[in-house]
Each structure stands twice: as structure tokens, then as C-alpha cells.
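Some notes on the structure that comes next.
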Amino acid sequence: MPELYQHSDTELLSNLQVDRTTGLDSATVAARLQQYRPNELQGKPIKSPWKILWEQLTSVMVVILIVAAALSAVMQDWSDAIVILAIVIFFSVLGVFQEYRAEKAIAALKEMAVPHVRVRRNGQILDISARDLVPGDLILVEAGTILPADCRWLEAANLKVQEAALTGEAEAIEKHAQAIADDGLPLGDRRNMGYMGTTVTYGRGLGVVVGTGMQTELGKIATLLDSVADAQTPLQRRLDQLGKTLAIVAVAISAVIMGLGLLRGEELRLMIMSAISVAVAAVPEGLPAVLTITLAFGSQR
């Protein structure tokens, strides 16, 4: 089956059931919008505050503090238990607040990426949101336009498009409207095609939309990214390793201190509290929150 870039203008417009001079009518647009859904990239929803809180509370260093607070409560040392829990709650809430803000900031970038576009519909030139584009729409572009969907060029007047974000090609590509007979061309060589997310740098053109949302080449990349399982970043892995190392060292030192104290005949309660104090002192409880806040500010910027 021929690729879209191999079809002639007449074949392509016939397949998409669109008139070159008038564009789609309102009824057809409404039907296709129901069929293809809004023209936007779908992604994973942002993390809920509860999930972020769970991640905060299950880090190794925080677990040590929670255990220390529980032991203090068992020993009826309520002041220490309350202070330790207050530290845990303060940094956890602060971390959740900042990370959730960062998640929302990233989601906001998606909204900012939805441009407006000029289309030919019902024989008129309209300015609409790119979310409302459907396959078969005729779009008019000029220098500075970010292509809102994948399209096949019907007219190209000195048209050049910067496709580095998609193909890695540094130079803007000159486009034309003629069919290409070659088979198996990579995206960068399909000179009669335009792709979502690329930028018109010169000239003007008329294109017919052939793919929207997740059916675009950019949408295919988004699908591949969403299929990748969540994994820790190198910084998260190193922080987790640091937490485990500190936990082992803190527990070992606390056990040694408690054991030596008991051998000297010290009171059991006193040695348990001493061990808890050493464990709490060895844990940099503010480190996870400080890193979260720092990275969150970076994401927002």
C-alpha cells in the first residue's frame, strides 16, 4: 500500500473526502472529531499527592525516623517521639507540596504547546484551536507557525521547515507539493510532508491534515515513551544507596553503643534512648526534602 507521500494531490483529497477550495463542512468536522478525538498528545496523568506522600514516607531515611519515633513512644518518651514525628511530617508535607507543583508545571507545558491555526472550512478561512483539527482539514501556514498536526503539502511557496526536534536535521528542510515515488523513505526525506511540533521558518504553504494527536509521528514517540516503565533516575538511585548505607551504619553503631552500655551495667531504658538518639542524629532527615524542593524549582523554571 503506497505511503501518504506517494499519493497525488487528487488521490489524497479523494481519500480524505475533502474539497480543496472549500475544505471540510461543519457536519464532517463534528463527526471526525468524535471519531479521532481532540488533536492533543495523551500522556500519563500527574501523580496524585497521596502517591507522592507514600514515596516520601517509604524512603529509607524517613523509615528510620518513624521507627525511632515509635520506639520513643513505646519507651513513653513522648517529647522525643513528638519532635521526631514533627520533623517527618514537616519535611514530607514540604516535599509533597513542591513535587506536586512541579508535576503541575510540567502538565502546564502541554497546554502551552497547543497553538492556534488557520484552516479552510465551509469555504472560509478560520482561526481555530489546534485541538479542534481533524484529518482532512486544510491548514494555511507561514514563517513562525508551529505545525499542529501531520500534513501533506498541497502548496509550497519557498516553504522551509525546521524538523530538528523530530529528525535531528540541523538545517531547515525545503518542502514541495509533488508526489514522491520512492519507497521506504525516512521522515527527513519526505519533502512533501509536514510533522506535528516542527516549525515553519520560511515561506508559506497549504497542507491537508493526515494525522492528529496520537496518530502523528510525534504521537507515536509519545506512545513509546509512555510504554517505558518508571525507573529511578541516577540521582534517586544514589540517594537511595546513601540512605541504605546510612541506615546500616546508624543501626550498627546504635547496636554497638547499646551493647557496650548494657555490658557496663547501664539501665536498659537509658541505652535504648541513647541508641535512638544516635540513629536519629546519623540520618540527614532534611536531605530528601531539600533535593525534592531543589529539583522541583528547577522543573518549574
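A quick note: this is a predicted structure, and the numbers were derived from the prediction, not measured.
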For [X] versus [Y], what's the shortest heavy-atom pair and its separation?
{"X": "I139", "Y": "P148", "answer": "CD1-CD, 4.4 Å"}
{"X": "V18", "Y": "G136", "answer": "CG2-O, 3.2 Å"}
{"X": "N158", "Y": "Y202", "answer": "O-CD2, 3.1 Å"}
{"X": "Q162", "Y": "A172", "answer": "NE2-N, 4.0 Å"}
{"X": "T201", "Y": "A143", "answer": "O-CB, 3.8 Å"}
{"X": "N39", "Y": "L133", "answer": "CB-O, 3.8 Å"}

Sole candidate of T21, L154, V119, I125 that passes side-chain contact (heavy atoms from CB on, under 4.5 Å) when paired with L138: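 By the side-chain contact (heavy atoms from CB on, under 4.5 Å) criterion, L138 pairs with just one of T21, L154, V119, I125: L154.
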
Ion pair check, D9 and R20, cut-off under 4.0 Å: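 The answer is yes: the pair qualifies as a salt bridge.
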
Pairing of D137 and R121 as salt bridge, 4.0 angstrom limit: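 R121 and D137: salt-bridged.
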
Would a single hydrophobic cluster contain both [Y] and [X], if residues Ile, Leu, Val, Met, Phe, Trp and Tyr are joined by side-chain heavy-atom contacts under 4.5 Å?
{"X": "I66", "Y": "I272", "value": "yes"}
{"X": "M271", "Y": "V251", "value": "no"}
{"X": "V141", "Y": "V161", "value": "yes"}
{"X": "L147", "Y": "L206", "value": "no"}

Distance alone, cut at 3.5 Å: any donor-acceptor contact between the side chains of [X] and [Y]?
{"X": "Q6", "Y": "D183", "value": "yes"}
{"X": "T22", "Y": "N122", "value": "no"}
{"X": "S129", "Y": "D132", "value": "no"}

Flag, side chain of D189 to backbone of L185, donor-acceptor distance under 3.5 Å: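 Not a single qualifying donor-acceptor pair exists.
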
Side chain R204, main chain L140, donor-acceptor under 3.5 Å: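 Side chain of R204 to backbone of L140: no pair is present.
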
Qualifying salt bridge (charged side-chain N to carboxylate O under 4.0 Å, His left out) pairs, either residue in residues 159-170, two or more places apart: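 Counting only pairs at least two positions apart or across chains, the salt bridge (charged side-chain N to carboxylate O under 4.0 Å, His left out) contacts touching residues 159-170 are E163-K175.
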
Exceeds 12 heavy-atom contacts within 6.0 angstrom, atom CD of E171: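 It does not: E171 CD has 12 such atoms or fewer within range.
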
Neighbour count above 12 (heavy atom, 6.0 Å) for Q241 CD: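 Atom CD in Q241 is not packed in, count stays at 12 or less.
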
Residue pair H7 / N15, side-chain heavy-atom distance below 4.5 Å: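 With C-beta onward as the side chain, the pair touches.
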
Minimum side-chain heavy-atom gap D150-V209 below 4.5 Å: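 SC-SC contact between D150 and V209 ruled out.
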
Spatial distance of atom CE (M193) from atom CD1 (I180) [nearest 0.5 Å]: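 Spacing of CE (M193) from CD1 (I180) equals 9.5 Å.
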
